[in-house]
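Take a look at the structure set out below.
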2 protein chains.
Amino acid sequence: MKIDPHNPADLSAQIAKAIRDAIISGALPVDERLPSEAEMAEQFDVSRPTVREALKRLAAQSLIRTQRGATGGAFVNRLRFEDAYGQQITTSTLLLSMNDVSFATACEARYALERACAPLSASRRSADHLATMRAEAHRQLQPGLTDEAFCASDVAFHRALVDAAGNPVLSYQLAGAVEAMQPLMNMITFSARSREKIVALHTSIADAIEAQDAQAADAHLAALATYTQELAQNVIAERQSKRG
Amino acid sequence: MKIDPHNPADLSAQIAKAIRDAIISGALPVDERLPSEAEMAEQFDVSRPTVREALKRLAAQSLIRTQRGATGGAFVNRLRFEDAYGQQITTSTLLLSMNDVSFATACEARYALERACAPLSASRRSADHLATMRAEAHRQLQPGLTDEAFCASDVAFHRALVDAAGNPVLSYQLAGAVEAMQPLMNMITFSARSREKIVALHTSIADAIEAQDAQAADAHLAALATYTQELAQNVIAERQSKRG
DNA sequence: AGACGTTTAATTGTCTGACAAATGAAAATT
DNA sequence: AATTTTCATTTGTCAGACAATTAAACGTCT
């Protein structure tokens with residue numbers, strides 16, 4: 001674990017990289033305690049604040065956790081799926097908002113991935129996931145629901161669909177795609193009729209998953225993808241006509 | 001942008017969160033310059049090192065970039081897909097290695113997602129992506145190739161397949177799933193015959209993509225998924241018989 | 001001897017003040 | 001007008017200090 005002593009800038013980044021590489025390579029196993037900040041400062045021949053900046057970088061990625069006290073220190077953190085969800089969602093959301101990704105592109109990605117999950121969800125769905133899907137579909141019919149709450153429920157429905165596949169890797173990868181769509185979906189105003197149609201499709205999807213009918217689930221998801229795209233296009237068309 | 005002054009611990013985490021929320025909400029647009037470290041220290045009523053630790057946390061997530069000099073400072077960074085790839089791959093790799101994710105689970109996720117891409121890749125593939133796929137398939141036939149190099153080429157082939165879909169959101173989401181599989185694939189020893197079979201499937205996939213035959217591409221991908229699982233199971237079975 | 005409070009040492013979290021390095025803008029010079 | 005020099009601003013780094021936390025070691029009392 002060495003750093004370049006000739007480049008006196010970005011020392012904390014170099015130190016962070018050295019430690020990160022050691023973690024990725026397995027040289028530092030989970031729950032291993034790193035040397036104390038003072039020791040590392042001596043090892044790398046830098047000051048303690050510089051070491052601390054490096055540690056904070058790693059903490060931001062959940063690669064380490066710190067504990068105060070006599071037996072405290074920095075420990076290699078077991079990165080859990082739940083911890084990674086948040087980062088994944090944050091990153092995905094910012095990627096979409098900062099790169100002018102079109103609704104069509106994001107929507108296409110999301111439904112392509114969800115349709116990949118559907119067959120697995122159909123074969124493995126638990127009562128729990130089905131109940132969540134039903135509950136969210138029911139919530140979406142409540143008349144007083146704001147558009148934002150409707151979107152949030154939509155996300156919850158689709159996450160339950162994804163989670164029903166029982167594959168944590170899939171759930172993790174799709175968390176970003178599904179949740180990052182929410183800000184984009186929030187731009188759409190849902191009429192009572194469009195809500196009805198969406199909920200009908202949601203119900204059909206839940207029915208298909210319950211019946212373990214992968215083909216039907218895929219077909220309804222495809223229909224939902226098409227309808228969502230239509231809604232978005234109408235919104236865009238309306239805005240353009242207002243401008244013109 | 002406020003922090004809790006009553007909790008004197010984790011100040012840098014609180015400050016980082018406040019700034020991160022401001023970025024996500026759009027209150028701080030891309031390329032906006034944050035106040036200088038000294039100013040923020042005064043604003044949040046903390047010392048400069050504490051502010052710096054907060055900024056390093058954000059820098060680790062590529063949310064800001066810093067620049068020295070008179071007109072320097074910390075700027076909200078436009079998060080690019082290329083920047084996010086690296087983080088996504090690191091996180092995915094660690095998730096798999098630290099959570100004892102089985103080869104079967106990871107493999108299932110990867111091929112499910114790739115099959116979701118295949119129809120889009122078939123309809124949109126460019127000459128460039130096709131050339132990459134062909135080149136990698138060809139490389140995989142070289143006799144002197146180490147198992148590691150074979151796996152690396154495999155990853156390159158599949159990334160080209162995914163990128164051919166022309167959807168950056170999909171490419172980003174799948175980068176993690178595809179690349180994180182590499183350490184797991186590296187545990188497999190590929191015989192000459194198994195390599196031949198894999199390359200044959202790769203070639204079939206490339207042919208199907210070139211012919212814009214989504215159904216054929218899907219079928220060959222499914223076959224590849226099955227065969228990869230078989231290979232892994234053989235390795236596992238061999239190890240268990242050695243133990244027993 | 002054992003249970004319970006006390007001290008103590010180690011470690012992270014934070015603060016203060018300082019200097020070096022980079023960098024663009026302003027001022028001075030040619 | 002062009003070029004060089006100076007300068008102010010800002011980040012990067014360092015040194016030393018103290019507060020807060022924590023578990024282990026130690027003492028004390030029953």
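As the structure is a prediction and not an experimental result, all values here were calculated from the model. Below, chain A is the first sequence line, B the second, and so on; all start at residue 1.
A:Asn99 places a side-chain N or O within donor-acceptor distance of the main-chain N or O of A:Leu95, the cut-off being under 3.5 Å.
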- Worked verdict on B:Cys117 versus B:Leu161 for side-chain contact (heavy atoms from CB on, under 4.5 Å): CA-CA 8 Å; B:Cys117 281; B:Leu161 171 63; 5.8 Å; no
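If you check every strand for non-hydrogen atoms under 4.0 Å, A:Arg33 touches sugar and phosphate atoms only.
Residues satisfying the side-chain contact (heavy atoms from CB on, under 4.5 Å) test with B:Gln182, not counting sequence neighbours, are B:Cys151, B:Ala152, B:Val155, B:Glu179, B:Asn186.
Ring geometry, A:Phe150 versus A:Phe190: the interplanar angle falls from 30° to 60°, so the pair is classed tilted.
Look at CG on B:Asp10: it is 6 Å from P on C:dT14, rounded to the nearest Å.
A 4.5 Å side-chain heavy-atom check between A:Asn77 and A:Leu63 finds every atom pair outside the cut-off. At least one side-chain heavy atom of A:Met185 sits less than 4.5 Å from a side-chain heavy atom of A:Thr228.
Of the side-chain N and O atoms in B:Arg52, none sit less than 4.0 angstrom from OP1 or OP2 of D:dT11. Between A:Thr66 and C:dT11, a side-chain N or O to OP1/OP2 separation shorter than 4.0 Å is absent.
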- Task: Take nucleotides 24-29 of chain C nucleotide by nucleotide from the 5' end and write B, S or -, depending on whether a protein heavy atom sits under 4.0 Å from the base, only from the sugar-phosphate, or from neither.
- Result: B-----
Distances for protein N/O vs nucleotides 15-18 of chain C N/O pairs under 3.5 angstrom?
{"unit_1": "C:dC15", "atom_1": "OP2", "unit_2": "B:Ser47", "atom_2": "N", "d": "2.8"}
{"unit_1": "C:dC15", "atom_1": "OP2", "unit_2": "B:Ser47", "atom_2": "OG", "d": "2.9"}
{"unit_1": "C:dC15", "atom_1": "OP2", "unit_2": "B:Thr50", "atom_2": "OG1", "d": "2.7"}
{"unit_1": "C:dA18", "atom_1": "N6", "unit_2": "B:Arg48", "atom_2": "NH2", "d": "3.2"}

